[in-house]
Amino acid sequence: MGGVVEQIVVSALTGAMSPLLRKLTNLIEKKYMEVKGVRKKLEQLTKELMTIGIALEKYAAMDNPDVQVKAWTAEMRELAYDMEDSIDLFTYRIDHEPADTTNGVKRVLHKTLRKVKKFHHRHKFAKEIEELHVLVNEAYERQKRYRIEEGTSSKLCREIDPRLPALYVEKEKLVGIQGPMKEIINWFGSEEVEPIGQHKIVSIVGQGGLGKTTLANQVYQKIKGQFSFSAFVSVSQKPNMDNLLRELLSQSKSTEPTESFSYQQLIDKLRTCLKDERYLIVIDDIWKRSAWKTIQCAFPINKHASRIITTTRIKSVAQSCCGASDEGFVYQMKPLNKSDSENLFLTRTFGAEKKCPSQLEGIISDILYKCDGLPLAIITIASLLADKPRTREEWERVLNYIVSTSEKDNDLEVMDKILFMSYNDLPHHMKSCLLHLGTFPEDHKIGKDVLVWRWIAEGFITKKQGFTLQEVAESYFYELINRSLVEHIQIMPDGEDEGCQVHDIVLNFIICQSTEENFLTKLDCYDHPSSRKRIRRLLVGNKEEHTRAKSQGTMNSSNLRSVNIYHVDGRMMSPLLNLPALRVLNLERCDLRNSYLDCIVGLFHLRYLGLRWSRIDCLPVQIGKLEYLQTLDLRHTSLLVMPESIVQLKRLMRLVGHHLILPDGFGNMESLQELGFIGCCRSSTNLLKFQKDLQLLRNLRVLKVRFLSEGETGKEAMIQSLCKLGGNNLREVYISSFNGSGDCFADSWCPSPCFLEKFVYESSYTEHYLSRFPKWIHPSLSRRLTYLDIDVKRMEREHVRILEDLPALIVLHLDIEEALVYGIRISHGAFQCLARLRFCNRSGPGLVFKGGMPKLEWLSVEFGAERAQSTYGSLEVGIRHITSLKHIEFSILVLTDDMERKIKSSINDQVKMLPQRPEVNIKTVHLPFIK
């Protein structure tokens, strides 16, 4: 029975009920579920919950569920939470009876007492399940009795598409659109200069509210006179292909009736009509690649240089529209800059005056900061304020609306409608992942690893065959970026490799949605939960919010699953008591004392403990009792020496800090997947134990080691361990060296780490650089290497050729000490997968690009201008060949003002040749002593 239920659960459900159903299924299969009638009741409950879960998913997909549906969904969600908590508590109590260490009569008495306790726990659990079962049945019957589903099937009126006004805005009211229009039109070219038959596609991509439809429409209106056929159609989330194809046909010269035509007949007819036309077609708001694959069949590639424009929020859809050829161009929409944002706001608020009263200047800055360049947000709020009294009090009230989770002004609802379309399009299993972003404060830069491991701890991530939980969670992270719901940050300020940031308007939507679904409670001045409300997740964003919350009384914390507190004094915080369901405890930048964690043993379900930037410098011995703990994040703390009890954490998968000193026996933590930065032992006796323990960590995927004063012996011992681990699961290695040579990491890997995906070797001083290029880096041996960051004293041309041919390399950071006499010329067709390149050769001639690098988006180069001029004969670095660039940084050493002007002019001229203008940052340093 259990196996069948498991199979159905995995295949049919990935939504709200999924975690509960998995636990129920596992519980049914336990031997201790022999209490009379309990197993049968659990099986019946599982079947009913599966049916309810399917109904919940159906309701979740509705565009506008009514009040009945929302109320019933909320009731079922709370019941699911309660059942899951009850199961967790029961299994813990049953599985954690203390071991018997007594003899004789006492042993018999203890054994009897344990049986009585187990009997008591089982019957108590059986009673709880019976009560919950009754509540489930009542809710299910209520759903059928009041025909909730029928009430949602019909609509009294059709909702107006919130994107419709973008097609009819007056040109005079548009701000910041001329530059993007010019870029797209220039890339399209004209009929006279284009070769016969070349037809081009531009796909405009960006988050909802950035102005994609407006931009597409303005380009369309500007150039449609050059074409014999033009059409503008919208696809939407649930496209009616039949209507869409007929709409396109209605704008052609065909008069043939098409009412009885099939899809194929409609497509064939369109192809015939467009065969001899130079056409311009805009396909607005595509959500699925499958929709584009159908639509594109109707557009023949003829000999008249036709043009197609698509808009979408999803990057993979944009790439699908453009294909792999040079005929397609993905245009990434950018937010308005500060000047354009202010201009748009003043135009929409004050009309022709465009002048702000002095008393409102500060509040306008605050509003624009919240909008962060999002045109829809600026226009919506400006339109609302245009009819309001021009007083500071009234405008502050509107600003509070933006951050409030309570009911909003009708004029502000259009933003939420736009964002809800993206939210509703997410798969069910990813909606919780998006809402979880609300547990971070405003403007927070969220590290990918922090986010991924918190999702895992919360239970949002389900196993997939052939993938680790971390790999599945990372795929969700990248999908949120792909859907333009979060902004991708490639270099994080705290040392993490990458992360994301949530736009304030999107974060406000997430908080509102989380409040409605009782997913998250945020303590602030606008809302405070009653003591009767069941709080599942809690966010306290700063000291002021915490102070206000305490002054408003107590709250019910017994159902808390996640606590996230930032910037709060530990002396003001409530003790960690009565939190039996807590899975995530994050106390980032809190001024904590060591004693605050003394009662942590009561958090027996804790899976994630984050103490980053806190003042904790010693962990309690009780930490070893947290047997479910998966992540322990100690970065940016003074914590160095780990307690001996930490080796008891057999489920711990991630232990991160800055120079952790581990006790003997740490090899017992067999589930560890990420470890570091760790310090290597200094004495030879301890070094042998350290080696043995490290080599026992066969599941280790990420290892970070920092050498401060351990000497060459420690490095040799480390490389021996790496050779052992390299044949297991090891995927990422970070070496940070503050003393001695690191050449053993360049030469001594045997066998070569063929599974390695990421290697970082960094040193604070050039004398500790690798003296030579690592021998194990070779296209035939490093086929999985995607990320390489090394400091090396010298490189030859053949080493550059090796790097060019690495088949999977995405990120390359090179810091070379010695000047390269002949320079480096990047070959045409090189670095086919590279997306990010940082090259530092301070006194050398830098790089010259001859072509290739079709995916490079981020480029940072440091070099000497005079040396480049003498080596290459010009200051042409060749960036005009890299058409995919989005961000460019140059740090250039110059001798004279004249050379500074020349190099800046040369770079800017090359940037102008790119199809889409990237962000450019040029920094020059005058060093007159360079020869």
Side-chain angles (χ1 to χ4, degrees), residues 403 405 436-447 450 454 457 493-495 507 511 520-531 533 535-603 606-623 626 629 631-643 656-658:
V403 297
T405 59
H436 182 266
L437 293 170
T439 63
F440 295 90
E442 201 172 276
D443 300 325
H444 196 81
K445 290 179 170 59
I446 306 167
V450 170
R454 274 164 64 167
D494 62 355
L507 182 61
I511 296 293
L520 170 69
T521 300
K522 180 183 179 183
L523 295 190
D524 55 28
C525 58
Y526 310 109
D527 185 31
H528 186 78
S530 69
S531 57
K533 180 182 176 181
I535 304 173
R536 305 296 178 178
R537 294 171 188 85
L538 179 68
L539 168 65
V540 181
N542 54 52
K543 180 180 178 180
E544 289 72 26
E545 290 180 1
H546 184 265
T547 304
R548 275 194 299 269
K550 288 201 76 173
S551 68
Q552 293 177 19
T554 59
M555 66 182 78
N556 181 1
S557 61
S558 60
N559 301 109
L560 272 171
R561 292 165 166 242
S562 175
V563 171
N564 302 275
I565 303 177
Y566 299 81
H567 301 277
V568 174
D569 189 333
R571 289 169 296 185
M572 302 168 59
M573 289 165 59
S574 304
L576 300 172
L577 299 172
N578 191 29
L579 298 167
L582 196 69
R583 290 155 171 76
V584 173
L585 177 61
N586 185 60
L587 306 172
E588 190 168 326
R589 295 184 183 271
C590 290
D591 187 5
L592 299 173
R593 302 295 181 269
N594 293 335
S595 58
Y596 185 74
L597 297 178
D598 286 348
C599 52
I600 200 170
V601 68
L603 310 180
L606 197 66
R607 285 154 170 78
Y608 184 103
L609 177 58
L611 300 171
R612 287 201 306 168
W613 297 100
S614 71
R615 296 186 62 182
I616 294 284
D617 59 16
C618 180
L619 289 175
V621 176
Q622 299 96 309
I623 194 82
L626 301 178
L629 195 65
T631 294
L632 181 55
D633 190 343
L634 307 172
R635 288 172 296 173
H636 304 288
T637 69
S638 303
L639 268 162
L640 296 177
V641 181
M642 297 293 98
V656 289
H658 281 294

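Predicted model, so just to flag it, every value in this text is computed and none were measured. If you read the sequence from its start, that first residue is 1, and numbering goes on from there.
Proximity of Val584 to His436: side-chain heavy atoms (C-beta onward) are nowhere separated by under 4.5 Å. Between Leu587 and Ile616 the shortest side-chain heavy-atom distance does not fall below 4.5 Å. When side chains are defined from C-beta on, Pro580 counts as touching Asn578, because their heavy atoms get closer than 4.5 Å. Considering only heavy atoms from C-beta on, Leu609 stays 4.5 Å or farther from Leu603 through its side chain. Here the side chains of Met642 and Ile623 are not in contact, with every heavy-atom distance at 4.5 Å or above. With a 4.5 Å cut-off on side-chain heavy atoms, Leu585 and Leu576 count as touching.
A parallel orientation is assigned to the rings of His636 and Trp613, their planes being inclined by less than 30° (bins at 30° and 60°).
With Asp633 contributing its side chain and Arg635 its backbone, the two residues share a donor-acceptor pair below 3.5 Å.
Atoms CG and CG, on Asp443 and Leu507 in that order, are 8.5 Å from each other to the nearest 0.5 Å. Distance check: Gln622 CD to Leu597 CG gives 9.5 Å after rounding to the nearest 0.5 Å. Atoms CG and CG, from Leu582 and Asn559 in turn, are 11.5 Å apart once rounded to the nearest 0.5 Å. Note that the CG atom of Leu579 and the OG atom of Ser558 stand 8.5 Å from one another [nearest 0.5 Å]. The distance from the CZ atom of Arg537 to the CG atom of Leu560 is 10.0 Å, given to the nearest 0.5 Å. For the atom pair Glu588 CD and Leu611 CG, the distance stands at 10.0 Å (nearest 0.5 Å).
Nearest heavy-atom pair across Ser614 and Leu592 is CB-CD1, 4.2 Å. Between Asp598 and Asn594, the shortest heavy-atom contact is OD1-O, 3.9 Å. Between Thr439 and Leu539, the closest heavy-atom pair is O-CD1, 3.3 Å. Across every non-hydrogen atom of Asp591 and Arg615, the tightest pair is OD1-CD, 2.6 Å. Closest approach of Ser574 to Tyr596, counting heavy atoms only: O-OH, 2.8 Å. Considering all non-hydrogen atoms of both residues, Pro620 and Ile600 come closest at CG-CG2, 4.2 Å.
With no hydrogens or angles considered, no side-chain donor-acceptor pair links Arg454 and Ser562 at under 3.5 Å.
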